[in-house]
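One structure below.
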Amino acid sequence: GGQWTVDSAAEAASRVISAMGILEKIKEIEAEMARTQKNKATNYHLGRLKGKLALLRSQLITESKSSGKAGEGFDVAKSGDARVAMIGFPSVGKSTLLSTLTKTKSQAAAYAFTTLTCIPGVIDYNNSKIQLLDLPGIIEGASKGKGKGKQVIAVARTSDLILMVVEAHKAELQMRLLTKEIENVGIRINQRPPDITYVRKKTGGIKFNSTVELTHCDEKLCKDILHLHKVHNAEILFRGDYTVDQFIDVIEGNRKYMRCLYCINKVDTITVGELDRLARLNDTVVISAHWKLNLNYLLEKMWMYLDVVRLYTKPRGKRPDFSDPVVMARGTTILDICNYIHKDFVKRFKTANVWGTSAKHVPQSVGLKHELQDEDVVQLMTKPGK
(Lines give C-alpha, C1' and ligand atoms only; values in the text may rest on other atoms or scores of the structure.)
Protein backbone atom coordinates (compact mmCIF):
# COMPACT_ATOMS: atom_id res chain seq x y z
CA GLY A 1 0.00 0.00 0.00
CA GLY A 2 2.85 2.39 0.91
CA GLN A 3 4.39 2.05 -2.55
CA TRP A 4 1.19 3.23 -4.24
CA THR A 5 0.91 6.39 -2.15
CA VAL A 6 4.55 7.29 -2.82
CA ASP A 7 4.05 6.76 -6.56
CA SER A 8 0.84 8.77 -6.71
CA ALA A 9 2.42 11.54 -4.64
CA ALA A 10 5.37 11.58 -7.04
CA GLU A 11 2.98 11.68 -10.00
CA ALA A 12 1.04 14.55 -8.48
CA ALA A 13 4.29 16.41 -7.81
CA SER A 14 5.48 15.91 -11.38
CA ARG A 15 2.11 17.16 -12.67
CA VAL A 16 2.40 20.29 -10.54
CA ILE A 17 5.97 20.85 -11.75
CA SER A 18 5.01 20.37 -15.39
CA ALA A 19 2.02 22.71 -14.99
CA MET A 20 4.33 25.29 -13.42
CA GLY A 21 6.75 24.84 -16.30
CA ILE A 22 3.95 25.44 -18.80
CA LEU A 23 2.82 28.55 -16.93
CA GLU A 24 6.39 29.90 -16.99
CA LYS A 25 6.57 29.34 -20.75
CA ILE A 26 3.18 31.01 -21.25
CA LYS A 27 4.39 34.01 -19.24
CA GLU A 28 7.57 34.26 -21.33
CA ILE A 29 5.68 34.14 -24.62
CA GLU A 30 3.08 36.67 -23.44
CA ALA A 31 5.90 39.00 -22.34
CA GLU A 32 7.61 38.64 -25.71
CA MET A 33 4.33 39.38 -27.53
CA ALA A 34 3.85 42.50 -25.39
CA ARG A 35 7.40 43.66 -26.25
CA THR A 36 6.97 43.12 -30.00
CA GLN A 37 5.68 46.05 -32.01
CA LYS A 38 2.74 45.19 -34.22
CA ASN A 39 3.46 45.90 -37.88
CA LYS A 40 3.69 44.05 -41.18
CA ALA A 41 7.28 42.95 -40.57
CA THR A 42 6.53 41.34 -37.21
CA ASN A 43 3.19 39.80 -38.25
CA TYR A 44 4.74 36.42 -38.99
CA HIS A 45 6.73 36.32 -35.74
CA LEU A 46 3.63 37.20 -33.68
CA GLY A 47 1.62 34.53 -35.51
CA ARG A 48 4.16 31.86 -34.58
CA LEU A 49 4.10 32.99 -30.95
CA LYS A 50 0.28 32.77 -30.93
CA GLY A 51 0.57 29.22 -32.26
CA LYS A 52 2.96 28.24 -29.45
CA LEU A 53 0.73 29.92 -26.89
CA ALA A 54 -2.36 28.00 -28.05
CA LEU A 55 -0.48 24.71 -27.79
CA LEU A 56 0.69 25.45 -24.25
CA ARG A 57 -2.79 26.56 -23.17
CA SER A 58 -4.43 23.38 -24.41
CA GLN A 59 -1.69 21.36 -22.64
CA LEU A 60 -2.51 23.24 -19.44
CA ILE A 61 -6.22 22.48 -19.77
CA THR A 62 -5.61 18.75 -20.36
CA GLU A 63 -3.09 18.69 -17.47
CA SER A 64 -5.68 20.04 -15.07
CA LYS A 65 -8.34 17.64 -16.30
CA SER A 66 -6.21 14.66 -15.39
CA SER A 67 -5.18 15.98 -12.00
CA GLY A 68 -7.11 16.84 -8.89
CA LYS A 69 -10.27 15.42 -7.36
CA ALA A 70 -13.50 15.35 -9.32
CA GLY A 71 -15.15 18.77 -9.15
CA GLU A 72 -16.38 19.09 -5.60
CA GLY A 73 -19.81 20.71 -5.51
CA PHE A 74 -19.66 21.13 -9.24
CA ASP A 75 -21.43 18.16 -10.69
CA VAL A 76 -24.67 19.99 -11.18
CA ALA A 77 -27.32 17.74 -12.68
CA LYS A 78 -28.79 19.30 -15.80
CA SER A 79 -32.47 19.92 -15.24
CA GLY A 80 -35.19 21.97 -16.88
CA ASP A 81 -35.44 22.81 -20.55
CA ALA A 82 -32.37 25.02 -20.91
CA ARG A 83 -29.37 25.94 -18.85
CA VAL A 84 -27.96 29.42 -18.31
CA ALA A 85 -24.62 29.93 -16.55
CA MET A 86 -24.05 33.18 -14.69
CA ILE A 87 -20.46 34.21 -14.45
CA GLY A 88 -18.82 37.34 -13.15
CA PHE A 89 -16.34 38.62 -10.62
CA PRO A 90 -17.16 38.18 -6.93
CA SER A 91 -19.75 40.60 -5.52
CA VAL A 92 -21.27 41.87 -8.74
CA GLY A 93 -24.74 40.85 -7.61
CA LYS A 94 -25.09 37.37 -9.12
CA SER A 95 -26.51 35.89 -5.93
CA THR A 96 -29.02 38.73 -5.53
CA LEU A 97 -30.07 38.24 -9.15
CA LEU A 98 -30.43 34.48 -8.64
CA SER A 99 -32.60 34.81 -5.56
CA THR A 100 -34.73 37.50 -7.27
CA LEU A 101 -35.32 35.59 -10.51
CA THR A 102 -35.67 32.15 -8.94
CA LYS A 103 -36.84 30.87 -5.61
CA THR A 104 -33.33 29.93 -4.51
CA LYS A 105 -31.37 31.46 -1.67
CA SER A 106 -27.67 31.91 -2.34
CA GLN A 107 -25.48 32.68 0.67
CA ALA A 108 -24.52 36.19 -0.27
CA ALA A 109 -22.79 38.63 1.96
CA ALA A 110 -21.83 41.93 0.43
CA TYR A 111 -18.15 41.10 0.01
CA ALA A 112 -15.99 38.98 -2.26
CA PHE A 113 -16.01 35.17 -2.32
CA THR A 114 -19.22 34.13 -0.65
CA THR A 115 -20.46 31.62 -3.21
CA LEU A 116 -18.03 28.72 -3.27
CA THR A 117 -20.06 25.92 -4.70
CA CYS A 118 -22.38 26.06 -7.66
CA ILE A 119 -25.97 26.86 -6.79
CA PRO A 120 -28.70 26.06 -9.30
CA GLY A 121 -32.05 27.85 -9.39
CA VAL A 122 -35.01 27.46 -11.74
CA ILE A 123 -36.81 30.28 -13.56
CA ASP A 124 -40.36 29.60 -14.75
CA TYR A 125 -40.77 31.52 -17.98
CA ASN A 126 -43.08 30.94 -20.97
CA ASN A 127 -44.26 27.65 -19.38
CA SER A 128 -40.66 26.42 -19.51
CA LYS A 129 -38.14 25.78 -16.82
CA ILE A 130 -34.77 27.49 -17.29
CA GLN A 131 -32.01 26.32 -14.98
CA LEU A 132 -29.93 29.28 -13.83
CA LEU A 133 -26.54 28.46 -12.33
CA ASP A 134 -24.79 30.85 -10.01
CA LEU A 135 -21.16 30.00 -10.62
CA PRO A 136 -18.62 31.13 -8.03
CA GLY A 137 -17.08 34.51 -8.76
CA ILE A 138 -14.41 33.97 -11.34
CA ILE A 139 -11.18 35.69 -10.50
CA GLU A 140 -8.56 36.62 -13.03
CA GLY A 141 -6.30 33.65 -13.59
CA ALA A 142 -9.06 31.06 -13.43
CA SER A 143 -7.88 29.64 -16.74
CA LYS A 144 -4.49 29.02 -15.13
CA GLY A 145 -6.14 26.82 -12.53
CA LYS A 146 -6.34 29.39 -9.74
CA GLY A 147 -9.31 29.24 -7.38
CA LYS A 148 -11.94 26.91 -8.72
CA GLY A 149 -11.94 28.65 -12.06
CA LYS A 150 -11.30 25.41 -13.96
CA GLN A 151 -14.44 23.62 -12.80
CA VAL A 152 -16.46 26.82 -13.10
CA ILE A 153 -15.59 27.09 -16.75
CA ALA A 154 -16.22 23.39 -17.38
CA VAL A 155 -19.79 23.89 -16.13
CA ALA A 156 -20.14 27.02 -18.26
CA ARG A 157 -19.26 24.93 -21.33
CA THR A 158 -22.23 22.62 -20.75
CA SER A 159 -24.77 25.47 -20.67
CA ASP A 160 -26.87 26.85 -23.50
CA LEU A 161 -26.15 30.50 -22.73
CA ILE A 162 -23.66 32.49 -20.69
CA LEU A 163 -25.01 35.39 -18.67
CA MET A 164 -22.05 37.61 -17.85
CA VAL A 165 -22.88 39.80 -14.86
CA VAL A 166 -20.75 42.95 -14.46
CA GLU A 167 -20.89 46.09 -12.33
CA ALA A 168 -22.03 49.27 -14.05
CA HIS A 169 -19.14 51.49 -12.96
CA LYS A 170 -16.52 48.96 -14.17
CA ALA A 171 -18.62 47.34 -16.89
CA GLU A 172 -16.30 47.49 -19.88
CA LEU A 173 -13.16 46.55 -17.95
CA GLN A 174 -14.87 43.52 -16.37
CA MET A 175 -16.38 42.47 -19.70
CA ARG A 176 -12.93 42.58 -21.30
CA LEU A 177 -11.22 40.63 -18.50
CA LEU A 178 -13.92 37.94 -18.32
CA THR A 179 -14.02 37.52 -22.09
CA LYS A 180 -10.25 37.00 -22.07
CA GLU A 181 -10.55 34.40 -19.27
CA ILE A 182 -13.29 32.54 -21.13
CA GLU A 183 -11.37 32.62 -24.40
CA ASN A 184 -8.27 31.19 -22.72
CA VAL A 185 -10.19 28.01 -21.97
CA GLY A 186 -11.50 27.56 -25.48
CA ILE A 187 -14.94 29.18 -25.33
CA ARG A 188 -15.72 31.73 -28.05
CA ILE A 189 -18.62 34.04 -27.32
CA ASN A 190 -20.96 35.65 -29.84
CA GLN A 191 -18.82 34.51 -32.78
CA ARG A 192 -19.54 32.20 -35.67
CA PRO A 193 -17.14 29.28 -36.22
CA PRO A 194 -14.71 30.28 -39.00
CA ASP A 195 -15.46 28.74 -42.40
CA ILE A 196 -12.13 26.96 -42.79
CA THR A 197 -11.98 23.38 -44.03
CA TYR A 198 -9.19 21.42 -42.36
CA VAL A 199 -8.70 17.72 -43.16
CA ARG A 200 -5.73 15.71 -41.95
CA LYS A 201 -4.26 13.29 -44.49
CA LYS A 202 -1.82 10.37 -44.39
CA THR A 203 0.47 11.66 -47.15
CA GLY A 204 0.80 14.44 -49.71
CA GLY A 205 2.16 17.30 -47.63
CA ILE A 206 0.14 20.41 -46.88
CA LYS A 207 -2.22 21.69 -49.57
CA PHE A 208 -3.31 25.25 -48.92
CA ASN A 209 -6.07 27.14 -50.77
CA SER A 210 -8.24 30.17 -50.16
CA THR A 211 -11.29 31.58 -51.97
CA VAL A 212 -10.55 35.16 -50.87
CA GLU A 213 -7.43 37.28 -50.46
CA LEU A 214 -5.95 36.77 -47.00
CA THR A 215 -4.76 39.92 -45.23
CA HIS A 216 -4.22 38.53 -41.71
CA CYS A 217 -2.20 35.38 -42.31
CA ASP A 218 -0.51 33.62 -45.21
CA GLU A 219 0.36 30.10 -46.33
CA LYS A 220 3.84 30.10 -44.77
CA LEU A 221 2.49 31.07 -41.34
CA CYS A 222 -0.31 28.48 -41.49
CA LYS A 223 2.18 25.75 -42.43
CA ASP A 224 4.45 26.75 -39.56
CA ILE A 225 1.59 26.58 -37.09
CA LEU A 226 0.61 23.14 -38.43
CA HIS A 227 4.21 21.95 -37.98
CA LEU A 228 4.12 23.18 -34.36
CA HIS A 229 1.05 20.94 -33.92
CA LYS A 230 3.05 18.09 -35.54
CA VAL A 231 0.77 18.05 -38.59
CA HIS A 232 2.64 17.49 -41.87
CA ASN A 233 -0.10 16.28 -44.22
CA ALA A 234 -3.36 18.16 -44.50
CA GLU A 235 -5.72 20.03 -46.78
CA ILE A 236 -6.74 23.55 -45.83
CA LEU A 237 -9.29 25.79 -47.48
CA PHE A 238 -10.06 29.32 -46.23
CA ARG A 239 -13.49 30.62 -47.28
CA GLY A 240 -13.04 33.98 -45.60
CA ASP A 241 -10.35 36.42 -44.49
CA TYR A 242 -9.68 34.93 -41.05
CA THR A 243 -7.01 35.70 -38.46
CA VAL A 244 -4.25 33.46 -37.13
CA ASP A 245 -6.24 32.98 -33.93
CA GLN A 246 -9.26 31.68 -35.82
CA PHE A 247 -7.05 29.30 -37.83
CA ILE A 248 -5.57 27.96 -34.57
CA ASP A 249 -9.13 27.45 -33.22
CA VAL A 250 -9.93 25.24 -36.22
CA ILE A 251 -6.79 23.11 -35.78
CA GLU A 252 -7.30 22.66 -32.05
CA GLY A 253 -10.88 21.63 -32.80
CA ASN A 254 -12.10 21.77 -29.18
CA ARG A 255 -13.52 25.27 -29.21
CA LYS A 256 -17.06 25.84 -28.06
CA TYR A 257 -19.04 28.64 -29.69
CA MET A 258 -21.66 30.08 -27.33
CA ARG A 259 -24.09 32.96 -27.09
CA CYS A 260 -23.39 35.40 -24.27
CA LEU A 261 -25.59 38.12 -22.83
CA TYR A 262 -23.87 40.88 -20.87
CA CYS A 263 -25.95 41.83 -17.85
CA ILE A 264 -24.88 45.20 -16.44
CA ASN A 265 -25.97 45.35 -12.81
CA LYS A 266 -26.01 48.18 -10.22
CA VAL A 267 -27.11 50.81 -12.75
CA ASP A 268 -28.33 52.90 -9.81
CA THR A 269 -24.67 53.80 -9.16
CA ILE A 270 -23.98 55.58 -12.47
CA THR A 271 -25.21 58.68 -14.32
CA VAL A 272 -28.09 58.59 -16.80
CA GLY A 273 -25.76 59.50 -19.70
CA GLU A 274 -23.43 56.60 -18.90
CA LEU A 275 -26.43 54.28 -18.50
CA ASP A 276 -27.72 55.27 -21.92
CA ARG A 277 -24.31 54.58 -23.49
CA LEU A 278 -23.98 51.13 -21.86
CA ALA A 279 -27.53 50.17 -22.83
CA ARG A 280 -26.66 50.78 -26.50
CA LEU A 281 -23.72 48.33 -26.55
CA ASN A 282 -24.26 45.04 -28.39
CA ASP A 283 -25.64 42.04 -26.47
CA THR A 284 -26.23 43.99 -23.25
CA VAL A 285 -29.08 44.42 -20.78
CA VAL A 286 -28.88 47.01 -17.99
CA ILE A 287 -30.55 46.09 -14.70
CA SER A 288 -30.53 46.64 -10.97
CA ALA A 289 -31.05 43.36 -9.10
CA HIS A 290 -31.35 45.19 -5.78
CA TRP A 291 -34.09 47.58 -6.95
CA LYS A 292 -35.60 44.95 -9.31
CA LEU A 293 -35.25 47.23 -12.34
CA ASN A 294 -35.60 45.89 -15.91
CA LEU A 295 -35.67 42.23 -14.87
CA ASN A 296 -38.58 41.39 -17.19
CA TYR A 297 -36.62 42.64 -20.17
CA LEU A 298 -33.64 40.55 -19.01
CA LEU A 299 -35.78 37.39 -19.04
CA GLU A 300 -37.20 38.29 -22.45
CA LYS A 301 -33.71 38.80 -23.86
CA MET A 302 -32.45 35.54 -22.27
CA TRP A 303 -35.32 33.65 -23.90
CA MET A 304 -34.45 35.23 -27.26
CA TYR A 305 -30.78 34.30 -26.95
CA LEU A 306 -31.53 30.71 -25.93
CA ASP A 307 -33.23 30.42 -29.33
CA VAL A 308 -35.58 27.57 -28.44
CA VAL A 309 -39.02 26.49 -29.67
CA ARG A 310 -41.96 25.28 -27.57
CA LEU A 311 -43.84 22.35 -29.03
CA TYR A 312 -47.08 20.83 -27.77
CA THR A 313 -47.95 17.19 -28.35
CA LYS A 314 -51.53 16.20 -29.04
CA PRO A 315 -52.74 12.71 -28.10
CA ARG A 316 -55.38 11.22 -30.41
CA GLY A 317 -58.87 12.48 -29.68
CA LYS A 318 -57.71 14.83 -26.88
CA ARG A 319 -56.78 18.49 -26.64
CA PRO A 320 -53.08 19.38 -26.47
CA ASP A 321 -51.76 20.30 -23.01
CA PHE A 322 -50.63 23.93 -23.44
CA SER A 323 -49.19 24.15 -19.94
CA ASP A 324 -46.45 21.59 -20.57
CA PRO A 325 -44.47 22.23 -23.77
CA VAL A 326 -41.53 20.21 -25.05
CA VAL A 327 -38.74 22.77 -25.33
CA MET A 328 -36.13 22.09 -28.02
CA ALA A 329 -33.53 23.97 -30.03
CA ARG A 330 -34.62 25.98 -33.06
CA GLY A 331 -34.44 23.89 -36.22
CA THR A 332 -35.98 20.85 -34.51
CA THR A 333 -37.62 18.38 -36.92
CA ILE A 334 -40.25 15.68 -36.45
CA LEU A 335 -37.38 13.15 -36.34
CA ASP A 336 -35.87 14.94 -33.30
CA ILE A 337 -39.22 14.80 -31.49
CA CYS A 338 -39.53 11.05 -32.21
CA ASN A 339 -36.03 10.47 -30.79
CA TYR A 340 -36.89 12.65 -27.79
CA ILE A 341 -39.94 10.49 -27.00
CA HIS A 342 -38.17 7.15 -27.44
CA LYS A 343 -35.26 5.92 -29.58
CA ASP A 344 -37.38 3.14 -31.15
CA PHE A 345 -40.28 5.46 -31.93
CA VAL A 346 -38.97 6.28 -35.43
CA LYS A 347 -39.39 2.64 -36.54
CA ARG A 348 -43.12 2.81 -35.81
CA PHE A 349 -43.60 6.32 -37.23
CA LYS A 350 -46.19 6.65 -39.99
CA THR A 351 -46.94 10.37 -40.35
CA ALA A 352 -47.37 13.51 -38.24
CA ASN A 353 -50.09 16.16 -38.23
CA VAL A 354 -48.93 19.70 -37.52
CA TRP A 355 -50.95 22.78 -36.54
CA GLY A 356 -49.18 26.13 -36.32
CA THR A 357 -46.96 28.54 -38.25
CA SER A 358 -44.83 25.82 -39.87
CA ALA A 359 -47.91 24.18 -41.47
CA LYS A 360 -48.96 25.26 -44.97
CA HIS A 361 -52.58 24.38 -44.19
CA VAL A 362 -54.15 23.14 -40.97
CA PRO A 363 -53.50 20.40 -40.08
CA GLN A 364 -50.71 19.49 -42.46
CA SER A 365 -49.59 15.89 -42.71
CA VAL A 366 -45.78 15.86 -42.72
CA GLY A 367 -42.80 13.48 -42.70
CA LEU A 368 -39.72 13.18 -40.49
CA LYS A 369 -37.78 16.03 -42.14
CA HIS A 370 -40.41 18.73 -41.45
CA GLU A 371 -38.93 21.63 -39.42
CA LEU A 372 -41.11 22.90 -36.58
CA GLN A 373 -41.58 26.44 -35.29
CA ASP A 374 -42.39 27.97 -31.91
CA GLU A 375 -45.73 26.87 -30.40
CA ASP A 376 -46.57 24.28 -33.05
CA VAL A 377 -48.91 21.46 -32.07
CA VAL A 378 -47.80 17.99 -33.19
CA GLN A 379 -49.75 14.75 -33.38
CA LEU A 380 -47.63 11.70 -34.18
CA MET A 381 -49.28 8.76 -35.97
CA THR A 382 -47.75 5.31 -35.64
CA LYS A 383 -48.06 2.12 -37.65
CA PRO A 384 -50.19 -0.48 -35.96
CA GLY A 385 -48.40 -3.58 -34.79
CA LYS A 386 -45.88 -4.85 -32.34
Side-chain angles (χ1 to χ4, degrees), residues 9-69 71 87-90 112-113 135-157 162 164 166 170 172-189 191 216-217 221-222 224-231 243-256:
E11 264 177 43
S14 73
R15 271 202 297 262
V16 170
I17 289 164
S18 70
M20 281 170 71
I22 294 172
L23 279 174
E24 288 300 311
K25 284 180 192 161
I26 287 180
K27 265 199 194 121
E28 278 170 29
I29 292 178
E30 280 177 340
E32 191 176 338
M33 282 170 72
R35 282 200 305 272
T36 312
Q37 287 184 330
K38 286 182 180 61
N39 56 39
K40 270 197 178 148
T42 59
N43 216 351
Y44 177 72
H45 178 59
L46 279 169
R48 279 204 59 135
L49 289 177
K50 281 178 180 169
K52 283 182 183 165
L53 202 56
L55 260 181
L56 289 169
R57 284 222 173 101
S58 54
Q59 260 174 304
L60 195 61
I61 292 170
T62 46
E63 282 282 327
S64 65
K65 273 183 191 160
S66 58
S67 66
K69 297 197 263 312
I87 61 171
F89 287 99
F113 302 118
L135 298 180
I138 290 191
I139 42 169
E140 275 180 273
S143 58
K144 299 186 179 72
K146 281 186 200 163
K148 281 212 174 166
K150 266 292 161 14
Q151 293 125 305
V152 173
I153 288 171
V155 173
R157 278 182 83 112
I162 292 178
M164 192 184 286
V166 295
K170 301 186 210 154
E172 279 151 307
L173 172 70
Q174 290 190 350
M175 277 149 75
R176 206 166 50 244
L177 292 171
L178 283 170
T179 304
K180 187 165 181 279
E181 276 305 316
I182 291 174
E183 292 204 331
N184 284 351
V185 290
I187 296 175
R188 300 284 174 267
I189 54 180
Q191 291 181 23
H216 301 293
C217 60
L221 180 52
C222 291
D224 263 32
I225 289 169
L226 284 171
H227 289 160
L228 279 175
H229 282 78
K230 297 188 172 56
V231 175
T243 61
V244 183
D245 304 276
Q246 287 170 307
F247 177 60
I248 293 168
D249 286 348
V250 172
I251 302 174
E252 297 259 329
N254 58 357
R255 304 297 188 241
K256 184 131 168 65

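These numbers come from a predicted model, not from an experiment.
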Rounding to 0.5 Å, atoms CZ (Arg176) and OG1 (Thr179) come to a distance of 9.5 Å
Nearest heavy-atom contact between Asn43 and His216 is ND2-O, 4.0 Å
Q. With a 4.0 Å cut-off, would you call Glu30 and Arg57 a salt bridge?
A. yes
> Considering only heavy atoms from C-beta outward, does the side chain of Met33 approach that of Leu53 to under 4.5 Å?
Replying inline: yes
So CD1 of Ile162 and CD1 of Ile189: to nearest 0.5 Å the spacing works out to 6.0 Å
message: If you apply the rule side chain to side chain contact (heavy atoms under 4.5 Å, CB included), what do you find for Arg188 with Lys256, and how did you get there?
response: CA-CA 6 Å; Arg188 300 284 174 267; Lys256 184 131 168 65; over 6 Å; no
ask   = Less than 4.5 Å apart, any side-chain heavy atom of Ile225 and any of Leu221?
value = yes
Rounded to the nearest 0.5 Å, the NE2 atom of His229 sits from the CG atom of Leu226 at a distance of 8.0 Å
Is any side-chain heavy atom of Lys52 closer than 4.5 Å to one of Lys25?
no
With heavy-atom distances below 4.5 Å as the criterion, would you say the side chains of Met164 and Ile182 are in contact?
yes
Here the gap from Leu46 atom CG to Asn39 atom CG, rounded to the nearest 0.5 Å, amounts to 8.5 Å
- Message: When you measure from the side chain of Glu252 to the backbone of Asp249, do you find a donor-acceptor pair of N or O atoms at a distance under 3.5 Å?
- Response: no
ask   = Side-chain contact, heavy-atom cut-off 4.5 Å: Tyr44 with Val244?
value = no
| field | Beyond-backbone contact of Arg48 with Leu228, side-chain heavy atoms, under 4.5 angstrom | value | yes
Q.
Counting C-beta onward and ignoring hydrogens, is there a side-chain heavy-atom pair between Gln191 and Arg255 closer than 4.5 Å?
A. no
Interatomic distance, NZ@Lys180 vs CD@Glu183, rounded to 0.5 Å, equals 10.0 Å
- Message: Using side-chain heavy atoms (C-beta onward) and a distance below 4.5 Å, is His45 in contact with Leu49?
- Response: yes
dist Asp224:CG -> Cys217:SG (nearest 0.5 Å) comes out at 12.0 Å
